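Everything below concerns the one structure shown next.
These numbers come from the heavy atoms of this one structure, side chains and all, not from hydrogens, waters or symmetry mates. No experiment lies behind these values; they were computed from the predicted model shown. For ligands, and for the atoms within them, numbers begin at 1 and follow the listed sequence.
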Amino acid sequence: MAHPDWPRAWRAALYGPLGFFARGSRPADHFRTSPLVGPELAEAVVELLDRVDVALDRPNRLDLVDVGAGGGELAAQVFALGKRFGGRLRVRAVELVRPPLPAGVDWSAELPDQVTGLVIAHEWLDSLPCRVVQRHEGRIREVHVASDGTESLGAEVSSPWLDQWWPLSVDGQRAEIGDPRDAAWADLVARVAAGAALAVDYGHFAGARPFAGSLTGYRAGRQVPPAPDGSCDITAHVAFDAVAAAAGPCELVTQREALAALGIAEEAPAAGLAAQDPLGWLAGASRAGRIAELRDPAGLGGFHWLLCPRSAPISLVRA
Ligand SMILES: C[S@@+](CC[C@H](N)C(=O)[O-])C[C@H]1O[C@@H](n2cnc3c(N)ncnc32)[C@H](O)[C@@H]1O
């Protein structure tokens with residue numbers, strides 16, 4: 001029997017009844033994302049939310065929607081840090097399986113119809129399945145896969161997306177066709193009636209695409225071959241230039257730049273503090289270490305922040 005194509009196998013492996021996320025696997029069990037480092041990412045999101053709030057002239061209801069919320073850590077932290085918005089703030093985690101959330105944070109398995117405020121998709125786009133193709137003897141062929149990860153080449157593929165964003169010119173080159181992600185992002189942005197949508201993820205751009213594609217697996221903190229058997233997360237980097245073009249004028253910066261613009265900077269504790277206030281020094285040094293991790297250009301700091309404002313001028317780099 002022919003193997004399924006990658007999107008079918010990927011979807012079943014993550015989101016099917018026995019899939020990795022549908023069974024309740026939490027990112028925190030398998031890999032480290034920025035919300036899991038500490039509260040500093042949520043502090044930056046609250047600062048951005050404040051800019052959205054001002055741009056919308058402090059609406060009666062201010063939404064913060066965390067799409068693909070995983071274990072709910074970011075939503076819970078923003079809720080805890082968002083007291084300044086008073087009763088106007090509504091925080092919602094959108095996730096397939098309800099994560100543990102504090103009272104006051106809503107959950108839904110469905111995307112909201114209409115948002116006034118900020119939608120954030122943190123490491124969501126990379127988890128959306130897409131077709132995988134390989135150039136073989138001058139032709140672009142779809143890659144099929146068995147549940148143990150064994151691959152075979154299927155029919156020839158013609159894709160305008162590939163022609164525009166990721167043309168394959170050498171035999172052996174592979175790509176993930178990002179059109180479902182572009183469509184998902186455009187759909188999410190369109191749900192923002194007023195405010196902004198923010199995608200944060202790892203990705204690549206034309207001119208620097210990975211030769212063999214970026215499809216991979218993660219299990220228990222390790223990168224593993226992407227066998228679509230439900231035992232590991234399956235992910236591929238996001239073609240950010242394509243996603244950015246799908247939703248009108250947007251701002252695209254690195255996480256390092258975004259955090260600096262939102263006031264999150266690592267500052268070593270004052271000299272001599274360790275002698276006067278050892279616990280204060282420890283807290284300051286820990287915070288500086290967490291921020292350094294979030295800003296590391298070779299790690300989380302190299303992630304991309306794509307901000308798409310809707311009906312109001314909202315910017316990451318212009319306060
Ligand atoms: C890589 S995890 C990121 C989790 C979290 N945002 C973080 O950064 O720690 C992607 C999450 O998106 C969720 N997800 C994917 N598609 C979804 C959908 N259509 N609706 C809700 N959640 C979805 C998955 O279940 C998974 O928990």
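- Any N or O atom pair closer than 3.5 Å counts here, and H122 shares at least one such pair with ligand 1.
- In this model, a donor atom of one side chain and an acceptor atom of the other lie less than 3.5 Å apart for Y202 and T235.
- In this structure, atom 15 (C) of ligand 1 lies nearest to the protein heavy atom Y15 OH, 3.2 Å.
- Counting only N and O atoms by type, the side chains of R209 and H204 include a donor and acceptor under 3.5 Å apart.
- The hydrophobic clustering, which links ILVMFWY residues whose side-chain heavy atoms are closer than 4.5 Å, places V91 and L198 together.
- Scanning all protein heavy atoms for the shortest distance to atom 27 (O) of ligand 1 gives E95 OE1, 2.8 Å.
- Residue G70 has at least one heavy-atom neighbour below 4.0 Å for each of these atoms of ligand 1: 4 (C), 27 (O).
- Ring centroid separation for the pair H122 and W305 does not come in under the 6.0 Å cut-off.
- Donor-acceptor pairing under 3.5 Å is recorded for the side chains of S231 and D229.
- Looking at T33 against ligand 1, only its side chain comes within 4.0 Å, counting heavy atoms.
- Polar contact check, A69 against ligand 1: no nitrogen or oxygen pair lies under 3.5 Å apart.
- For ligand 1, one of its N or O atoms has an N or O atom of W124 under 3.5 Å away.
- A donor and an acceptor atom, one from each side chain of T116 and D63, are nowhere located under 3.5 Å apart.
- Scanning all protein heavy atoms for the shortest distance to atom 20 (N) of ligand 1 gives L96 CD2, 3.7 Å.
- If you check which protein heavy atom lies closest to atom 10 (C) of ligand 1, you get E123 O, 3.3 Å.
- Side chains of E123 and T33: a donor-acceptor N/O pair is absent below 3.5 angstrom, by distance only.
- For atom 12 (O) of ligand 1, the closest non-hydrogen atom on the protein side is G68 CA, 3.3 Å.
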